[in-house]
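Only one structure is covered here, and it is reproduced in the block below.
Residues take their numbers from the sequence shown, with the count starting at 1.
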Amino acid sequence: MSGMLPDRFRLVDLLLEPDLGLRLVTDADPNVGITGAHPIEIENPTRWLRPGSMMLTTGSRFPALEHPQQACRELIRELVGAGITALGYGVGVITGDIPRSLLDEAERHRFAVVAIPPELPFMEVVGRVNAAVQAQDSMLLRRTLQMQNHLLEAMTAESPEADLVARLTGLLRSSVVLYNEVGDVVASAGGAPVHLIRNQLRGRDGRLLFRVGRWSVSAHSISPGDQHYWLALASKSNELADPLTAPAVEVSLRLLNTIERTRQRATVENRARHAALVRALASGDPSDTDTVLDQLEMLRFGPEPDMRMLVLSAAPDYDNRRWVFRANSLLDAVESDVSGLARDIGLTLLLARGDDGLVGVVPARAEAFESWSHNLPQGLTCGSSEPFTDPARGPGKLREARWARRSAERLGRTAQRFEDVSLADWLLAGRDPEQALGRATAVLGPLLDGHDDLVDFLVLHLARNLDVGRTARELNLHPNTVRHRVKRVEDLLGRSLRSPRDVTDLHLALEVLAERPTS
C-alpha cells in the first residue's frame, strides 16, 4: 500500500478530519495535493498565494461589488489559472450560502470548493494544513487510519452495506454499486448505469476493469460465507487509479466480508436459540420454566407471555417448485419465506423443525399475527392453537395446532385457528394421542387388516356425505358397485353407515389415523 500513496498532504486528508466538519460541495477530485492554506479577502488574491495552496474566504468583498456574480466567476478562473488547489468558503459569515455563480463556475472547471462551517476559525484550518505539510513522514499512516475510521463507522449503521457504499462514494467521488449473487442491487450511490455494469459481471469473478460508455469501472468479487457479491466503482472523470482508491476498496471489501459473516453467524445462532425454545415449549417439560419465561419476555412476548403454537406444512409443488433453485429443501424454503414475511410485518416468530413440518410460537394477541396469517403464500397450510401462558401446556397446544391444520386442509384454507375448528376436532384434540390411536384402531381393526382399498373408499365416501351418486362419479364406478362396497364395509366392521352414531365413530377414527405424524 505504501507504494501507492505519495507522501504529501491532500485535500481528502483535510476532509477526513472529523472535528473540522468540512464538506466538498463540487464534483472535483479530492486527491489533489495541498501545500498550504491562506485566508485572503482582497482582489487578485493569487499574487499572494503559492501554486498548490488553498485559499480561504468569507466572500466579504462580493456584496459591495456592482457585479458580484461576475466577480465570483472571475475568482474561480483566476484560481484555476494560477494552479491553486481549492477554495475554502466560510458559510454563514457574510453570505448565508456559497454564491451559486461561484459554484457553477467551479463545476465547469471541476475545481474543488469546500464549505467551512461558521463556528470553525480559519486559523484552525491553516494550522491543521501547515502542521500536516510539515509532518510528511506520518502522512501515509494518518491518511490510512482516517480513511479506515471513516469507513468503519458504517458498521454501527442500521443498514451497514448502504452506509458503507454511501461513505465510499463520498470518499472517492465515484459511483459505487453492491450487487448480490443474482445481480440484484443491494446498495448503490451515484448515477452509474447499474444494469449495464451488471451485464459485464455475469459468469465472471475476481477483479475486472472495463468501460461502459463514458464510465470507467473497477469491479471486485467477494464471497463471504455462502454468498457472492460484486462491489463496482464507476467514474466518468477518473480512471479510478488515484492513491486513495486501492486502500479504500481493500478496507471496504474486508468490511463487507465481516458484515455478511457476522450477519450469517448471528442468524444461525438466533435460529438455534429459537428452535431450542420452541422444542422446550412443545415438550411441556422445559428444564427451567423461569428461564423460558425470561427468554420469551426478551423476545417481546411480554412479562406474562400470551402465545400460540403453530404447525406449518407445504405441498410438494409449493411455489411451483421454484424453491429448488433457492433452497436446499422444501422446509428451508418455507422457513425462509414465513420468517421473511414475519420480519416485514413486525411479528416475532420462533420456529423449529418438527416431524410433520415446522412448529412455531408467536405472541397470541399481536395484530401482526392476523396480517401474517392472511398473507401466507399459497401452498402453505398453517394451524394455530388457542392462546396460552403456561409453558407446561405446550404439548396440548401443539395437538390443537395440528388439529387446526388438519381442519384447514379439509376446508381448503391456508390458515385456521383452533378456536374456529369443528366440535369433532375440538373433542379429539383434547385426548391423549396414544389412547385415541388405540381406540381408533379398535374401531377400524377389520379394515386395517389387509383392506387398504376399502379404507380409502370409506374416507372418500364419508367426504362425499355418503352420496352414492357422487362417490360413483368420482371413482368412475356404477352406483351398484358403490352400494356393494358399502355393504362389505358394514359387514367387516359390524356397523351401519345409516346409523349417525356409527358414522360419527368411523369419521372420528379415520381422523385420528390421519393425524399420525407418519401419515
Side-chain angles (χ1 to χ4, degrees), residues 182 184 267-268 270-275 277-279 281-282 296 299-302 305-388 394 396-422 425-426 429 511 514-515 517 519:
V182 296
D184 294 332
T267 299
V268 170
N270 286 339
R271 285 181 176 176
R273 285 194 294 268
H274 294 172
L277 188 54
V278 172
R279 293 191 185 100
L281 290 168
L296 289 170
L299 291 167
R300 302 188 300 281
F301 279 76
D306 198 9
M307 50 196 159
R308 291 180 186 268
M309 294 289 291
L310 307 176
V311 175
L312 285 144
S313 60
D317 60 349
Y318 171 70
D319 192 29
N320 293 323
R321 294 195 60 81
R322 288 188 297 245
W323 59 265
V324 299
F325 299 109
R326 58 186 177 88
N328 295 324
S329 69
L330 176 58
L331 274 187
D332 286 338
V334 172
E335 184 173 3
S336 175
D337 291 347
V338 299
S339 297
L341 177 60
R343 185 169 54 251
D344 294 342
I345 290 177
L347 174 69
T348 300
L349 172 64
L350 314 182
L351 291 172
R353 303 291 177 94
D355 294 333
D356 52 349
L358 293 175
V359 179
V361 178
V362 295
R365 306 302 179 187
E367 293 183 5
F369 173 65
E370 297 298 328
S371 177
W372 178 83
S373 300
H374 293 150
N375 287 282
L376 286 172
Q378 290 295 318
L380 292 185
T381 307
C382 175
S384 59
S385 72
E386 289 185 326
F388 69 107
K397 296 302 174 181
L398 180 58
R399 287 198 298 274
E400 289 182 0
R402 283 176 171 153
W403 282 106
R405 184 193 58 184
R406 291 269 303 139
S407 176
E409 290 173 346
R410 287 196 305 273
L411 298 172
R413 296 176 180 173
T414 300
Q416 177 85 351
R417 301 184 305 174
F418 184 71
E419 51 261 50
D420 300 326
V421 302
S422 67
D425 288 334
W426 183 82
E511 286 296 306
E515 177 61 15
S519 63

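The backbone N or O of M309 sits less than 3.5 Å from a side-chain atom of S385, completing a donor-acceptor pair. Although no hydrogens or angles enter the test, the distance criterion places no donor-acceptor pair under 3.5 Å between the side chain of R417 and the main chain of E386.
Every residue meeting the salt bridge (Lys or Arg N to Asp or Glu O under 4.0 Å) condition with D306, not counting sequence neighbours, appears here in chain and number order: R365. The salt bridge (Lys or Arg N to Asp or Glu O under 4.0 Å) test applied to D317 returns no partner, not counting sequence neighbours. With sequence neighbours left out, the salt bridge (Lys or Arg N to Asp or Glu O under 4.0 Å) criterion links R343 to no other residue.
When all heavy atoms of I345 and A368 are compared, the pair lying nearest together is CG2-CB, 3.5 Å. Nearest heavy-atom pair, P316 versus R321, reported as atom, atom and distance to 0.1 Å: O-NH1, 3.2 Å. Summarising the geometry of L299 relative to H274, their closest heavy-atom pair is CD2-NE2, 3.8 Å, with the distance given to 0.1 Å. Of all heavy-atom pairs between A408 and C382, the closest is CB-O, 4.4 Å. Listed here is the closest heavy atom pair of L330 and A315: CD2-O, 3.8 Å. A pairwise comparison of heavy atoms in W323 and A333 identifies CB-CB, 3.5 Å as the closest pair.
A heavy-atom distance below 4.5 Å is found between the side chains of L376 and V338. Looking only at side-chain heavy atoms (C-beta outward), R353 and D332 come within less than 4.5 Å of each other. Side-chain contact between L347 and P363: present, with at least one pair of heavy atoms (C-beta onward) separated by less than 4.5 Å. Taking 4.5 Å as the limit, some side-chain heavy atom of P377 sits within range of a side-chain heavy atom of Y318.
Expressed to the nearest 0.5 Å, how far CG of N270 lies from CG of L350 amounts to 10.0 Å. To the nearest 0.5 angstrom, E335 atom CD is 8.5 Å from S329 atom OG. The distance from the CE atom of M307 to the CZ atom of F369 is 14.0 Å, given to the nearest 0.5 Å. We find the CG-OG distance between L331 and S313 to be 9.5 Å, quoted to the nearest 0.5 Å. D319 contributes atom CG, which lies 6.5 Å from atom CG of D337 (distance to the nearest 0.5 angstrom). From S384, atom OG reaches atom NZ of K397 across 11.0 Å, with rounding to the nearest 0.5 Å.
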